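Remarks on the structure that follows.
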Amino acid sequence: MSMYEIDSAYVRKCQKRLQEWGAPLSGWYCDYIYDVADEEEDADHIELFTCELCDCAQVRFVHVMSHDEYFEPVAVGCICAGIMEGDILAARERERLMKNRAKRKRSFPHRQWSKNWYGNYQLTYQGRKVFINNKCSNRYSVCVDGKTAWSYKGKPLDNFVSAAYAAFELADPIERIRP
Ligand SMILES: [Zn+2]
């Protein structure tokens with residue numbers, strides 16, 4: 001364990017709560033991580049998440065932790081994730097990769113897209129051909145490496161920006177930075 005940087009009172013508080021839940025103190029792993037505001041340009045309007053373990057209300061990157069002997073996942077911030085998995089450096093690295101991805105995602109719609117004769121947009125991103133097809137004014141679909149999407153977060157692609165985000169999810173998936 002590399003807990004050297006963390007206040008031991010904080011660690012004890014987290015472990016006490018796990019005990020109260022009847023949950024294991026170690027052996028947790030990160031199932032997935034998500035950004036509560038991955039396309040939010042305006043930092044003042046982000047609704048942050050409250051860590052389920054320490055009640056810190058300032059969590060932007062949520063680490064969803066699972067344990068083979070516990071009945072439900074626990075969604076926490078970076079430090080609590082590090083405590084639960086016994087590796088704060090791994091949790092920090094995961095969060096760093098997510099932050100970098102969030103920056104790439106925010107800038108993705110603003111990249112140099114070229115427009116072809118049919119009115120479709122394209123670019124090459126990390127060696128992949130990314131296409132945004134605009135069939136009629138407010139109908140978009142996207143295609144990356146033969147994978148196609150017509151929606152983003154459950155909504156039809158009715159504008160360029162949401163189409164670009166849908167394309168980004170195919171071109172730069174979170175799975176690639178999973179533990
Ligand atoms: Zn926490």
Side-chain angles (χ1 to χ4, degrees), residues 1-111 125-126 144 147 149 151-155 161-179:
M1 281 213 195
S2 50
M3 295 300 171
Y4 55 93
E5 286 174 89
I6 300 171
D7 177 20
S8 58
Y10 179 87
V11 174
R12 278 198 303 276
K13 186 186 152 203
C14 292
Q15 291 180 333
K16 188 164 169 262
R17 179 164 274 188
L18 287 170
Q19 272 169 336
E20 284 164 8
W21 292 346
L25 297 186
S26 61
W28 293 83
Y29 55 89
C30 183
D31 223 357
Y32 60 97
I33 179 169
Y34 68 91
D35 180 357
V36 295
D38 61 353
E39 70 240 32
E40 198 59 68
E41 310 250 354
D42 183 353
D44 294 335
H45 290 95
I46 295 175
E47 214 172 288
L48 295 166
F49 180 84
T50 300
C51 175
E52 292 177 359
L53 191 59
C54 73
D55 297 329
C56 164
Q58 300 295 314
V59 178
R60 168 154 180 191
F61 297 95
V62 181
H63 301 239
V64 180
M65 308 300 289
S66 288
H67 195 290
D68 295 339
E69 284 156 31
Y70 197 62
F71 71 106
E72 64 177 359
V74 180
V76 298
C78 182
I79 305 301
C80 285
I83 291 169
M84 294 171 87
E85 68 191 308
D87 191 344
I88 187 66
L89 296 181
R92 287 224 168 109
E93 175 64 4
R94 195 162 59 234
E95 180 137 325
R96 188 184 70 79
L97 293 172
M98 261 318 266
K99 273 184 189 156
N100 289 342
R101 182 184 182 272
K103 280 184 210 146
R104 295 198 297 277
K105 182 167 179 174
R106 269 199 309 283
S107 62
F108 199 67
H110 312 296
R111 293 179 84 95
Y125 176 77
Q126 297 183 348
V144 181
K147 285 184 203 145
S151 64
Y152 175 67
K153 294 191 172 172
K155 290 182 191 145
V161 172
S162 68
Y165 287 144
F168 182 82
E169 293 298 332
L170 294 177
D172 196 342
I174 289 180
E175 291 83 74
R176 290 199 308 180
I177 61 174
R178 277 179 62 163

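Start at 1 and go down the list; that is how both ligands and their atoms are numbered. The first residue of the sequence shown is numbered 1, and numbering continues consecutively from there. Bear in mind that the values here come from a model prediction, so they are computed numbers and not experimental data.
Under 4.0 Å is where a charged nitrogen must lie from a carboxylate oxygen, and between D35 and R106 no such pair does. We find that R96 and E93 are joined by a salt bridge, their nearest charged nitrogen and carboxylate oxygen being less than 4.0 Å apart.
Put simply, the side chain of H63 never gets that close to the backbone of V74: no donor and acceptor are under 3.5 Å apart.
Annotation: side chain to side chain donor-acceptor pair (under 3.5 Å) contacts of E169 (sequence neighbours excluded): R101, K105.
Nearest heavy-atom pair across I88 and C78 is CD1-O, 4.1 Å.
Around the Zn ion (ligand 1), the protein N, O or S atoms found under 2.8 Å comprise C51 SG, C54 SG, C80 SG.
Summarising the local packing, CD of E20 is surrounded by more than 12 heavy atoms from other residues, nucleotides or ligands at distances under 6.0 Å.
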